[in-house]
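What you see is a predicted model; the values in this text were computed from it and never measured. Numbering of ligands and ligand atoms starts at 1, following listing order.
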Amino acid sequence: MNNIFYGKLIFELSREGRVGYQLPEPVADGKGISESLPAALVRDEAEPLCLPQADEQTVARHYTNMSNNNFGVDTGFYPFGSCTMKYNPKINEEVAALPAFATLHPAQPEATVQGALQLYWEEQRMLSEVAGLSEFTLNPYAGAHGELTGLMTIRAYHRSRGDEKRTKIIVPDSAHGTNPASAAVCGLQIVEVKSTERGTVDLEALKPLLGDDIAGMMMTNPNTLGIFETEIPEIARLVHECGGLMYYDGANLNPMLGVCRPGDMGFDVMHINLHKTFSTPHGGGGPGDGPVGVRKGLEQFLPDPHVVRREDGTFALECRDGSLGSVSTFLGNYGIIVRAYAYLLALGRDGLAQAGPLSVLNANYIKDQLKSHYLLPIDGLCKHEFVFDGLRPEYGGDHHDDSHVTTLDVAKRLLDLGFHAPTIYFPLLFHEALMIEPTETESKDTLDSFIAAMKQIAEEAKSDPQSVKAAPHHTPVRRLDDVKAVKDAIFTYQG
Ligand SMILES: *Cc1c(COP(=O)(O)O)cnc(C)c1O
């Protein structure tokens, strides 16, 4: 970015000569360098910096106003399906900000970081227990990165046995887009398996795909429709029988917490999203962490380095023979790991066991309250989330033309009523998908007010569809051209 861009465009609140700092006047001495100001702070006037010039108060108001124009978990309900936008206790932030964690240097001698290594070691033990697996690495940076690491682990396992021909991976058609993407990055060929009417993996469609070229199968459970995959034991038996390994996409582990464990269902490798299930604020591509767990016998393939506890009780970083190598710098996003640790300890075994059932209860409550107004293509018990296919026909939902209210219109109108929109037009299995995940942290009051807003919108869709189509009416900006907004962003304040 050039100076003109910074100085003139980004900050038109800039006024020549205004400053928000106080420095001692430079004193010219014989050598031309100030005595009262460190030399590093004295700039050569021949090279002026074109930075915005503003007083502290203008800057404070600018950023505060900008933050007020945003919607976040701390401003309102955020039922964004597949993303688990739950409330994250602020104590986790305070713990992660403790100087002992926040000022660690990755190259510090082992003896000076014993506590940090112990935290990592204990957390990987805790996650192993939650998942029913043998060992975890916390090194991958995100869910998709965890998938890649897990798939590399599966490849390392096959190669260690001289089994080079397993180059295919089975992925259900309902999978999150990152599954086929990670598999492709890992050099695997994707074989898609269909879903049944109920939205679960079709066992009969799976059988003909199995063979000695299959590295494994990726499954998401609950799947992207929020449905528990009931055929897992049989699927795991079949995949293992053909020599493949079972991969569990555990990005949305909330509803399983304390209820059941992937390791007990026959899965060999999995990832978890700390930034969804284990309480790290996320969204907008913020930092995350995607730990990968494996069953007994696969530990040696996990990435380097990993943390071990020595016999004398001290902790050390180690690399292993057979490891797939390093997937991140040092130990991943350590601040995220600290937040998850604080969350795990605060909830404990009993608290975690409540989180799962509560996330399921909340989702089913909303689903049952709203299915009179919105079309529910797959009925029955859901887990932490579910999908509507737009408004019911009585509310104009079956007309796919410009005069009727679509899922996009419902999402925009929700913003007027103080709620973030659910995930829309995903999964791709339906035309007007509206994917709602309330999470376990919301009160019944909040769920009830969301239900009331959704019903109000359905009524408006019938009585005054044009008004809904013109929504939002009360937000700082109205409907944006999403593509243009990305390609031709306007950075000026215009407040
Ligand atoms: C969020 C999600 C992912 C990807 O996680 P990222 O951290 O965004 O890379 C993968 N699978 C499922 C089912 C998810 O919901």
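Remark: the Asn221 side chain and the Glu229 side chain contain no N/O donor-acceptor pair separated by less than 3.5 Å. Asn88 and His282 are not linked by any side-chain donor-acceptor pair at a separation below 3.5 angstrom, with hydrogens and angles left out of the test. Checked by atom type, the side-chain pair Thr178/His176 shows a donor-acceptor distance below 3.5 Å.
Contact residues of ligand 1 (protein heavy atom closer than 4.0 angstrom to a ligand atom; sorted by chain and number): Ser82, Ala142, Gly143, Ala144, Glu147, His176, Thr178, Thr220, Asp249, Ala251, Asn252, Asn273, His275, Lys276.
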Verdict with supporting geometry, Arg125 and Glu122, salt bridge (charged side-chain N to carboxylate O under 4.0 Å, His left out): CA-CA 5 Å; Arg125 294 307 319 146; Glu122 286 180 8; over 6 Å; no

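Between His145 and Tyr141, the shortest heavy-atom distance links the atoms ND1-N, 2.8 Å.
Here ring-ring contact (aromatic ring centres under 6.0 Å, His included) pairs that include residues 350-387, with residues two or more places apart or in two chains, are His373-Tyr395, Tyr374-Phe388, Phe386-Phe388.
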